[in-house]
Amino acid sequence: MSVRVRYAPSPTGLQHIGGIRTALFNYFFAKANNGSFILRIEDTDQSRYQEEALDDLYSTLKWLKIEWDEGPVVGGPFGPYKQSQRIALYQEYANKLVQEGKAYRCYCTNERLDALREQQTKEKTKIQGYDRHCRSLTDSQRTELEKEGKEYVIRFKIPLSGKTTFTDLLMGPITRSNTDISPDPIILKSDGFPTYHLANVIDDHFMEITHIMRAQEWIPSAPLHLLLHEAFGWKIPKLCHLPMVMGSDGQKLSKRHGSTAVRDFRNEGYLAEALLNYVSLVGWSYDGEREFFTKEELKVLFSLEKISKAPGVFDYKKLQWFNGHYIRLKSDEQLMQLLLPYLIEANYISKEPTNEQLNKVRLLIPLVKERLKVLRDVVAMVGFLFEEIKEMQASSLIPKKMGPKETIEVLERSLPIISEIESCTNEEIEERLLKLSEELKLKTNGVFMPLRVALTGSLVSPPLLDSMRLLGIEKTIARIKRAITILINEVNNG
RNA sequence: GUCUCCAUCGUCUAGUGGUUAGGACAUCGGGUUUUCAUCCCGACAACGGGGGUUCAAUUCCCCCUGGAGAUGCCA
């Protein structure tokens with residue numbers, strides 16, 4: 001039987017790193033085994049449902065170029081693939097369990113359950129959870145409650161003794177005593193919607209899922225799912241619980257660790273290739289040496305055996321490193337297309353860039369390519385070419401071990417040399433500036449640094465002479481003159 | 001509290017009953033470079049503790065410790 005796996009997110013928020021990692025592992029596992037990757041929407045919680053979340057799911061998967069073989073939009077033989085469209089099925093099977101005496105209606109109010117929980121916490125009772133009050137209702141009591149028209153939920157009867165064991169593909173055998181399983185969990189809510197457990201088990205069965213790959217946080221409820229499968233008399237899919245993705249403090253990765261939404265990474269200028277490559281390496285490795293993988297390679301090389309058991313910390317720095325690598329792999333033209341939206345957003349160029357603007361941008365691509373960690377960095381990096389420098393401190397113009405007067409001399413004597421930049425090569429200008437530094441008995445930096453700061457307002461910038469060419473001779477001269485003025489004022493005032 | 005799972009450099013990881021315990025990121029140093037970055041070279045840095053089993057344990061077993069997750073009419 002061919003492999004069938006699913007990614008089954010619930011549309012209650014933006015797609016995040018942890019979710020997408022699960023999606024990726026399922027996807028790669030399916031592809032590596034010539035199987036099918038199914039997308040299923042687990043929208044059984046009406047109160048937390050967000051329309052935006054669904055859009056985000058689709059756009060995120062599209063961005064990563066993860067296509068699903070069956071699911072919403074594309075359809076498939078086991079649809080519908082949205083749980084909210086399968087309610088009748090869940091109700092039918094929940095009722096079936098009730099009829100067979102494997103589940104029961106519970107009429108307990110939220111007030112009673114809250115009070116129960118509060119008491120249990122206060123008294124630190126051994127067993128936490130539902131007290132199975134309605135499990136032992138007599139027939140006449142039930143008829144009475146029905147007559148009153150009381151709301152009810154359906155609870156699944158967990159055996160009162162014995163234990164449940166399953167073999168996890170990664171973890172090996174895992175056993176849980178039935179008395180430790182949440183006592184008689186709700187499988188059908190009072191609004192007629194199923195809980196995760198019921199819907200999940202029914203769908204996995206009818207969608208003929210062969211392998212359930214999900215995060216380790218599901219281990220504790222796996223025995224319940226097993227019991228549910230057994231109650232229906234269904235075959236149990238193979239289980240594989242993936243290590244979780246943690247933040248730097250070892251806790252489950254969440255917003256307080258930084259961005260976790262894929263959308264945020266995308267906005268910052270992370271490339272899909274980089275994110276996909278890095279995320280695939282959290283909890284999985286190939287041989288411990290190689291770490292660059294394309295999606296296509298992963299679709300062949302991915303294997304369950306190399307998944308690690310221990311949770312992994314998400315390393316933002318390493319992601320950046322991957323991103324820089326993939327940025328440098330782009331051609332200049334490709335990178336330009338990626339960078340344009342950021343330059344437009346910063347108002348450096350117009351929404352419909354003119355040819356002149358495009359030509360200018362085209363020239364600066366090689367200057368920034370090796371410097372970008374994320375695409376958005378380009379804004380700060382080339383801002384000096386598109387807008388005036390807001391603030392310039394005399395102190396930042398003056399290199400270490402030099403005074404303001406010396407710096408003024410450097411700038412003034414550089415001016416005539418730089419004025420000729422349009423009729424000279426970089427090498428010729430460079431040579432003359434080096435000669436100047438010798439004449440003034442300065443280090444090379446003593447000349448280049450003041451010029452750089454005068455031009456860009458920053459100690460760090462793309463190559464100086466190329467920057468001057470891009471900025472244009474007039475602005476270059478004007479900025480150097482402005483710097484001189486600032487320094488003269490500094491001398492007069494201080 | 002109870003239950004379950006996990007444990008190699010700061011981080012992601014490779015690895016084996018006998019290895020100088022390997023790689024990558026980060027960090028630090030050096031080289032290239034007019035700065036930064038890239039690139040190259042180098043350094044630092046790990047088998048949580050205690051018992052066994054064994055001629056030999058990082059590796060197998062047990063305990064402890066530590067960490068995480070679950071304990072919802074959320075998924």
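We name chains A, B, ... by the order of the sequence lines, and we start the count at 1 in each one.
Between E291(A) and K318(A), at least one side-chain nitrogen of the basic residue sits less than 4.0 Å from a carboxylate oxygen of the acidic one, meeting the salt-bridge criterion. Ionic pairing of E420(A) and R432(A) is present here: one or more N-O contacts between side-chain nitrogen and carboxylate oxygen are shorter than 4.0 angstrom. Using a 4.0 Å cut-off between a side-chain N of Lys or Arg and a carboxylate O of Asp or Glu, E92(A) and R86(A) do not qualify as a salt bridge. Taking a cutoff of 4.0 Å between a charged side-chain nitrogen and a carboxylate oxygen, E268(A) and K373(A) do not qualify as a salt bridge.
Taking the side chain of E289(A) as heavy atoms from C-beta on, and the options U35(B), C74(B), G23(B), the nearest nucleotide is G23(B). When distances are taken from the side chain of D180(A) to each of A75(B), U11(B), C3(B), the shortest belongs to C3(B). Listed nucleotides: U4(B), G22(B), U34(B). Nearest to the side chain of I174(A): U4(B). Nearest to the side chain of Y196(A), among C3(B), C36(B), A75(B), sits A75(B). Closest to the side chain of S308(A), out of C73(B), U35(B), U13(B), is U13(B). Side-chain proximity of M171(A) to the nucleotides G69(B), C6(B), A75(B) is greatest for C6(B). The side chain of K306(A) has G15(B) as its nearest neighbour among C36(B), G23(B), G15(B). Of the listed nucleotides (A75(B), C5(B), C25(B)), C5(B) has the atom at the smallest distance from the side chain of I219(A).
Not a single donor-acceptor pair under 3.5 Å links the side chain of S259(A) to the backbone N or O of A261(A).
Within 4.0 Å (heavy atoms only), R290(A) reaches no atom of the nucleic acid at all. Backbone-only engagement by S285(A) is indicated by non-hydrogen atom pairs under 4.0 Å involving sugar-phosphate atoms exclusively. Within 4.0 Å (heavy atoms only), S437(A) reaches no atom of the nucleic acid at all. Here P223(A) lies out of heavy-atom contact (under 4.0 Å) with every strand. P243(A) comes within 4.0 angstrom of no nucleic acid atom, judged by non-hydrogen atoms across all strands. V313(A) comes within 4.0 angstrom of the backbone, heavy atoms only, and of no base. Nucleic acid contact class of G324(A) (heavy atoms, under 4.0 Å, all strands): none. Residue K252(A) is in sugar-phosphate contact alone, with no base atom involved, counting any heavy-atom pair closer than 4.0 Å across all strands shown. Backbone-only contact: T44(A) has heavy atoms under 4.0 Å from sugar-phosphate atoms and none from a base. Looking at heavy-atom distances under 4.0 Å, N110(A) makes contact with a base. Looking at heavy-atom distances under 4.0 Å, S10(A) makes contact with sugar-phosphate atoms alone, never a base.
Put simply, CZ on F293(A) is 12 Å from C1' on G23(B), counting in whole angstrom units. In this structure, CD of E291(A) is placed 8 Å from C1' of C25(B), rounded to the nearest angstrom. Going from atom CZ of F292(A) over to atom C1' of A24(B) covers 9 Å, rounded to whole Å. L170(A) places its CG atom 10 Å from the P atom of A7(B), with the value rounded to the nearest Å. Put simply, CG on L281(A) is 12 Å from C1' on G23(B), counting in whole angstrom units. Between R112(A) atom CZ and C73(B) atom P there is a gap of 13 Å when expressed in whole angstrom units. Atom P of nucleotide U16(B) and atom CG of D287(A) are separated by 13 Å, given to the nearest angstrom.
The same atom, C1', is picked in U20(B) and in U54(B); the two are 24 Å apart, to the nearest Å. For C55(B) and A46(B), the P atoms lie 31 Å apart once the distance is rounded to whole Å. Distance noted for atom C1' between U19(B) and C47(B): 13 Å (whole Å). Separating the P atom of A68(B) from that of C74(B) is a span of 27 Å, rounded to the nearest Å. On the P atoms, G31(B) is 46 Å away from G69(B), given to the nearest whole Å. Comparing G22(B) with U38(B), their P atoms are spaced 26 Å from each other, to the whole Å. Using C1' as the reference atom, G30(B) and U53(B) are 49 Å apart when rounded to the nearest Å. Taking atom C1' on both nucleotides, G67(B) is separated from C61(B) by 22 Å, rounded to a whole Å.
Taking the nucleotide of RNA chain B with the nearest heavy atom to each of M449(A) and S47(A), the more 5' of the two is matched to M449(A). Map F322(A) and L372(A) each onto its nearest nucleotide of RNA chain B; the residue landing nearer the 5' end is F322(A).
Residue side chain K318(A) does not reach the base of A26(B) through any donor-acceptor N/O pair under 3.5 Å, judged by distance alone. Taking 3.5 Å as the limit, the base of U38(B) and the side chain of R371(A) contain no donor-acceptor pair of atoms between them. Judged by distance alone, with hydrogens and angles left aside, S190(A) brings a side-chain donor or acceptor within reach of the base of C73(B), the pair sitting under 3.5 Å.
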Legend entry - Test log, rule side-chain contact (heavy atoms from CB on, under 4.5 Å), inputs Q91(A) and I154(A): CA-CA 10 Å; Q91(A) 291 175 344; I154(A) 294 180; over 6 Å; no
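For the residue pair Y104(A) / D184(A), a side-chain donor-acceptor distance below 3.5 Å is found, with atom types taken as modelled. Using modelled atom types, one finds a donor on one side chain and an acceptor on the other under 3.5 Å when comparing N426(A) with R469(A).
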